[in-house]
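Right, one structure below, let's go through it.
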Number of protein chains: 2
Amino acid sequence: MTDDDRVFKALADPTRRFLLDLLFARDGRTLTELESELDMTRFGVMKHLRVLEEAGLVVPRKSGREKLHFLNPVPIRLIHDRWIDKYTERHVSALVTLKADLEKEP
Amino acid sequence: MTDDDRVFKALADPTRRFLLDLLFARDGRTLTELESELDMTRFGVMKHLRVLEEAGLVVPRKSGREKLHFLNPVPIRLIHDRWIDKYTERHVSALVTLKADLEKEP
DNA sequence: TGGACATGTGACCTTTTGGTCACCTATCCT
DNA sequence: AGGATAGGTGACCAAAAGGTCACATGTCCA
């Protein structure tokens with residue numbers, strides 16, 4: 001599996017996107033804290049975090065008995081630049097055509 | 001399942017992203033033509049195309065006994081604007097800090 | 001008309017995914 | 001020391017995903 005594929009697959013699950021949103025709002029949370037935001041046992045959350053780690057989207061750091069989780073947005077940026085971006089380009093010529101058409105209206 | 005979720009899930013499979021790339025290069029292809037580009041039976045390709053259609057990424061049009069497939073990039077643009085974009089913003093202040101640090105070097 | 005071609009459906013199979021649980025280890029704190 | 005707290009592992013299970021096949025329908029064209 002390629003790096004890009006790991007990232008796309010990681011983003012495919014709504015729970016994992018929600019975890020990223022939580023970390024986007026505030027970084028460095030523990031597993032237990034993240035679990036408290038979800039309707040799921042700690043074990044389910046652990047599995048999701050592992051998928052996110054393997055995609056490079058979450059970077060953990062041990063601190064005593066706690067494991068802090070940090071967001072790394074770089075992989076998202078990479079798939080954006082390498083794949084998504086080409087589909088999000090505005091087709092200006094079509095808009096110009098539409099504008100011209102609209103201007104024909106009385 | 002939400003619309004966004006359908007799009008993310010549709011993009012999670014490399015075969016489906018490849019199909020979108022094919023249609024990006026040239027629109028309006030038939031199932032048989034798409035199948036010929038993949039190492040998979042027609043039935044597998046049909047299933048992938050269905051997932052893409054349900055996500056709104058591919059729009060079919062019947063023409064005689066053929067079914068032509070057209071790319072619709074709008075859903076990609078939507079998830080980009082609604083979700084991906086916030087993760088791809090450049091953190092300029094961090095870059096400025098880095099630049100200042102580097103300039104301290106002899 | 002009838003054969004070749006393009007596509008569709010449903011059954012079926014295997015692998016992956018999402019989730020839980022029992023049990024275990026390590027750390028903190030009184 | 002020892003209980004409470006934070007996290008980790010492996011087995012297990014149900015559901016979904018990815019893929020194939022036999023068979024069926026509709027369309028083209030010589």
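Checking the phosphate oxygens (OP1, OP2) of D:dG19, no side-chain nitrogen or oxygen of B:Thr41 falls inside 4.0 Å. Look at B:Lys67 and you won't find any side-chain N or O under 4.0 angstrom from OP1 or OP2 of C:dA6. Taking 4.0 angstrom as the limit, A:His48 places a side-chain polar atom (N or O) nearer than this to OP1 or OP2 of C:dG19.
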*When every nucleotide of nucleotides 11-17 of chain C is labelled 5' to 3' by its protein contacts under 4.0 Å (heavy atoms), B for base, S for sugar-phosphate only, - for none, what sequence of letters results?*
-------
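Counting only heavy atoms from C-beta outward, the side chains of B:His48 and B:Leu38 never approach each other to under 4.5 Å. A:Val51 has its side chain out of reach of A:Lys9: every pair of non-hydrogen atoms, C-beta onward, lies at least 4.5 Å apart.
Residue-to-nucleotide contacts include a donor-acceptor pair under 3.5 Å from the side chain of A:Arg65 to the base of D:dT5.
B:Glu35 places its CD atom 16 Å from the C1' atom of D:dG18, with the value rounded to the nearest Å. When rounded to the nearest whole Å, the span between CE of B:Met46 and C1' of D:dA24 equals 12 Å. Note: CG (A:Leu34) to P (C:dG19) measures 15 Å, nearest angstrom. Distance CZ (A:Phe43) to P (C:dC24): 13 Å, rounded to an integer number of Å. In this entry the distance linking CG of A:Leu49 with C1' of D:dA6 reads 14 Å, nearest Å. Counting to the nearest Å, the C1' atom of D:dT20 and the CG atom of B:Leu38 are 15 Å from each other. Rounded to whole Å, the distance from CD on B:Glu33 to C1' on C:dC5 is 15 Å. Rounded to an integer number of Å, the gap from B:His69 NE2 to C:dG8 C1' is 12 Å.
The closest donor-acceptor contact from the side chain of B:Tyr87 to the backbone of A:Pro75 lies at 3.5 Å or more, if one exists at all.
Residue A:Gly44 is in base contact, counting any heavy-atom pair closer than 4.0 Å across all strands shown.
Comparing A:Asp39 and A:Ser63 by the nucleotide of DNA chain C whose heavy atom lies nearest to each, the residue mapping closer to the 5' end is A:Asp39.
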*asked:* For B:Asp5 and A:Arg17: C-alpha separation, side-chain torsions, deciding distance, then whether salt bridge (charged side-chain N to carboxylate O under 4.0 Å, His left out) applies.
replied: CA-CA 10 Å; B:Asp5 205 39; A:Arg17 290 200 303 281; 3.0 Å; yes
*Show the numbers, then the answer: is there a salt bridge (charged side-chain N to carboxylate O under 4.0 Å, His left out) between A:Arg77 and A:Asp85?*
CA-CA 10 Å; A:Arg77 193 134 64 219; A:Asp85 196 42; over 6 Å; no
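If you check C:dT7, D:dA22, D:dG7 against the side chain of B:Arg42, the one that comes closest is C:dT7. Side chain of A:Met40, nearest nucleotide from D:dT20, D:dA6, C:dT20: C:dT20.
Checked against B:Glu53 for a salt bridge (charged side-chain N to carboxylate O under 4.0 Å, His left out), the options B:Lys67, B:Arg61, B:Arg16, B:Arg6 give a single hit: B:Lys67.
In this structure, B:His80 and A:His80 have parallel ring planes: the angle between them is below the 30° cut-off, well short of the 60° mark.
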